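For reference, the structure is listed below as structure tokens.
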Amino acid sequence: MSFQDAAFPDAKEQVRQATDIVDLIGKHLELRRAGRGYVGRCPWHDDRKPSLQVNPERQTWKCWVCDIGGDVFSFVMKREGCDFREALEMLADRAGIQLRQQPQAKSAPGSPDDKNTLYQCCDWAAKQFHEYLLRSDAAEIARQYVEERNITPTSVEKFKIGFSPNEWSWILDRARNTPYSPKILEAVGLLGKSERTGNYYDRFKGRVIFPICDTQNRTIAFGGRILPKLADENAAKYVNSPETRLYTKSDTLYALDIVRNSISKSRHLTVVEGYTDVILCHQHGVDDVVACCGTALNERHIRLIKRFADTVYLVLDGDAAGQNRTNDILELFVAAQMDLRILSLPDELDPAEFMEERGGEAFRELLTTSAIDALEHKIRTSTRAIDLARDTHQANLALEDILRTIARGTDDSVAGAANLRAKQLIARLSRQFGLDEGDVRSRFTEIRRSITGSQKAEVRDRSIDAAHDTRPLASFSSMSIEECELLEILCLHPELAPTALTDVADDDLTSSTARELFQTYRRLEEGGFSLDFNAVLSEIEDPRLKHVLVELDDRAHDKSPKAILNGPDRLRSVIRQFHQRHEDREIRQTEAALANRTFSEQEEMTVLSQMIAAKRRQQGIPAPTDG
């Protein structure tokens, strides 16, 4: 991909230089000084003694217990559960660096196209709404509503709940002496514009405000609930921000910014339907709960969820509408091969009502005892009210529907739990529908084959994880002593890399890990880019490979004060070892050829002479002289 400002390696390097690793990690973990670096408790294991180390000089981090580490990119990849490109974009966004595929005019700071300005505007507006709810006499009506909904002051603070007064231009007037022009307010969705008059108006007038944040805790949008006493017959109960440069409904879950740390170990997430459902759940101690923002769960939501959770509990309102929405959502989770559990609340209660009536412990117990997996829910809903023995037409339609759903979550080219589960369900369905198991299995196979290759490839691309990746994992232990020595020298002395790249061939490195690292140096050198440690680290996208390079660099710095030889002499020594290994391979190949008698008598004499000369050179024995 080409960017406007620089070649791709330069873009990565620009972002890396603009991001201080101590500041980045310190935003998420409590760091304390330890010698020349910092330490903190690793969030990826039960870390009682701080074992995550941050090196501000090299701009690297590592946890020896988890055997992970790298640079700013790999930290974001690990924390956010994203790939390198997404991490690059997040850090570029954080640093105010624009990465573009097509040449475009740079957004002027303070303009409606400048994302930093838009983030600042949203944050400013959230504070205005929040302070108004807390302090203004005119907000008493909103405070009464919040209290009636049993939302506590602690939750008001936690979720930064606010209020927009019942005025057409309150936020517009409030912004007059700020950097936020009407066009900026419109760009973040705070203002609408009348088609009839062309005048601006407050989109959220008369509403309780629920700020919506991204996973980096930045306010990007708002949800507004009309106060019942201010509603007229035309007023929508809820109004959400339109999609903007900052906000896409399908890429956002309400409160994910709050729950992401608490679910990092359990990898469990509970999804409900409304803002107040989320808030009441959190109030009652169920703190892994999020909600969609004014749209149904879709594929993009599921991709977002997979970054943070492996198991999802979908909690449905007890009414018929809540039940009917499930089937559409269910197939998306099944196709993504996610562990989805579905809980239907009793007595047509929504989660907020359930919390008020029965509390968090009863809710948790229901999740444990009554939540059923997605396919079980599919079977129950599809066969409900059908006489499977007599209504053969409806029974066949239901069976086809169920088999199609199961097929979307399996892949005959990959063995795994999903395929085992499918076999168990087919056996059960044959008994339930009174059909021969072989016939049901044959129909299932036909349906699975009817799903197009492109659809299955897309599902696999989106759901594949490291367990299905056939590439060998980068590993420090796979490298030989000579390979480690070579790469440690390059970490300490990047100026020696051109010599190493000339005198050592890629094929001389037998470990795939060492070869990938060496080829990274070669690629940068051939492109005319810097070969220093941080430039090479930025060029690598595989987080495991990043960790190996960080470990090599640490070892190199530990060994450097004790080294007898200087850098060039160490390199010459290791190059000789590679040349000797290369010569040894040639000797072994020649010996094998001699044993198989593939040479003529004259060729055999020549080859033997060459072998003897090679072995003399290796042992330092001078060649014999005539006479």
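Values in this document were obtained by computation on a predicted structure and should not be read as measured data. Sequence positions, counted from 1, serve as the residue numbers for this chain.
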Checklist line | Taking every non-hydrogen atom, the tightest pair across Ala497 and Leu531 | finding: CB-CD1, 3.6 Å
Notebook entry, point to check: Should Asp257 and Gln216 count as side-chain neighbours, where that means a heavy-atom distance under 4.5 Å?
Noted result: no
Next item on the list: Step through the shown structure and confirm whether more than 12 heavy atoms of other residues, nucleotides or ligands are within 6.0 Å of CZ on Arg33.
Entry: yes
Checklist line | Residues Glu131, Arg135: salt bridge by 4.0 Å N-O rule | finding: yes
Next item on the list: Considering only NZ, NE, NH1 and NH2 on the basic side and carboxylate oxygens on the acidic side, decide whether Asp506 and Arg515 come within less than 4.0 Å.
Entry: no
Check: Do the side chains of Ile220 and Tyr119 get nearer than 4.5 Å, heavy atoms only?
Finding: yes
Margin query: Is any side-chain heavy atom of Ile151 closer than 4.5 Å to one of Leu280?
Written below: yes
Item checked: Reported CG-to-CG distance for the pair Leu487 and Leu552, which is rounded to 0.5 angstrom -> 5.5 Å
Margin query: Rounded to the nearest 0.5 Å, what separates atom CD in Glu485 from atom NZ in Lys559?
Written below: 5.0 Å
Next item on the list: Step through the shown structure and confirm whether more than 12 heavy atoms of other residues, nucleotides or ligands are within 6.0 Å of CD on Glu361.
Entry: no
Notebook entry, point to check: Do the charged groups of Arg41 and Glu30 touch, with an N to O distance under 4.0 Å?
Noted result: no
Next item on the list: Determine whether the side chains of Thr60 and Asn55 contain a donor N or O and an acceptor N or O closer than 3.5 Å.
Entry: no
Next item on the list: Quick one: pull up OG1 in Thr513 and CG in Leu549 and give me the separation to the nearest 0.5 Å.
Entry: 11.5 Å
Check: What heavy-atom pair brings Gly40 and Asp47 nearest, and what distance separates the two atoms?
Finding: O-OD2, 3.7 Å
Notebook entry, point to check: With a 4.5 Å heavy-atom cut-off, do Glu541 and Phe73 have their side chains touching?
Noted result: no
Checklist line | Charged N-O contact under 4.0 Å between Glu526 and Arg523 | finding: no
Note to self: Is the terminal nitrogen or CZ of Arg58 (NZ for Lys, CZ for Arg) located under 6.0 angstrom from the six-membered ring centre of Phe533 and within 45° of that ring's axis?
What the structure shows: yes
Check: Who are the side-chain contact (heavy atoms from CB on, under 4.5 Å) partners of Arg341, not counting sequence neighbours?
Finding: Thr311, Tyr313, Asp339, Ala371, Asp373
Notebook entry, point to check: Would you call Ile171 and Ser164 a side-chain contact if the rule is heavy atoms closer than 4.5 Å?
Noted result: no
Next item on the list: Of all the heavy-atom pairs spanning Ser250 and Asn298, show the shortest one and how long it is.
Entry: OG-ND2, 2.6 Å
Checklist line | Residue pair Glu539 / Thr520, side-chain donor-acceptor N/O under 3.5 Å | finding: no
Margin query: Looking at every non-hydrogen atom in both residues, tell me the closest pair between Leu490 and Ala500 and how far apart they are.
Written below: CD2-CB, 4.0 Å
Item checked: Audit row: Tyr275, Asn240, side chain to side chain donor-acceptor pair (under 3.5 Å) steps and yes/no -> CA-CA 11 Å; Tyr275 303 125; Asn240 294 290; 2.3 Å; yes
Item checked: Glu551/Lys62 salt bridge by N-O under 4.0 Å criterion -> no
Next item on the list: Mind telling me whether Trp61 and Trp44 have parallel, tilted or perpendicular rings, with 30° and 60° as the class edges?
Entry: tilted
Check: Would a 4.5 Å heavy-atom cut-off, applied to side chains only, mark Val278 and Val259 as touching?
Finding: no
Note to self: Other residues, nucleotides and ligands only: do more than 12 of their heavy atoms fall within 6.0 Å of NZ on Lys127?
What the structure shows: no
Next item on the list: Identify the two heavy atoms, one from Cys82 and one from Met90, that lie closest to each other, and give their separation to 0.1 Å.
Entry: SG-CE, 4.3 Å
Check: Crowded around Lys183 NZ? As in, over 12 foreign heavy atoms under 6.0 Å?
Finding: no
Note to self: Less than 4.5 Å apart, side chain to side chain, heavy atoms only: is that true for Ile25 and Leu31?
What the structure shows: yes
Next item on the list: Using a 4.5 Å cut-off on heavy atoms from C-beta on, say whether the side chain of Arg174 contacts that of Phe129.
Entry: no
Notebook entry, point to check: How about Ile481: does its CD1 atom have over 12 heavy atoms from other parts shown lying under 6.0 Å from it?
Noted result: no
Margin query: The test is side chain to side chain contact (heavy atoms under 4.5 Å, CB included); show your working for Ile305 and Phe333 and say whether it passes.
Written below: CA-CA 10 Å; Ile305 289 170; Phe333 278 94; 4.3 Å; yes
Notebook entry, point to check: Under 4.0 Å between a Lys/Arg side-chain N and an Asp/Glu carboxylate O for Asp93 and Arg218?
Noted result: yes
Notebook entry, point to check: Under 4.0 Å between a Lys/Arg side-chain N and an Asp/Glu carboxylate O for Asp23 and Arg94?
Noted result: yes
Item checked: CG (Asn177) with more than 12 external heavy atoms under 6.0 Å -> no
Notebook entry, point to check: What is the minimum heavy-atom distance between Asp310 and Met338, and which atoms define it?
Noted result: O-CE, 4.0 Å
Check: Got a second to check how far Ser511's OG is from Glu483's CD, nearest 0.5 Å?
Finding: 5.0 Å
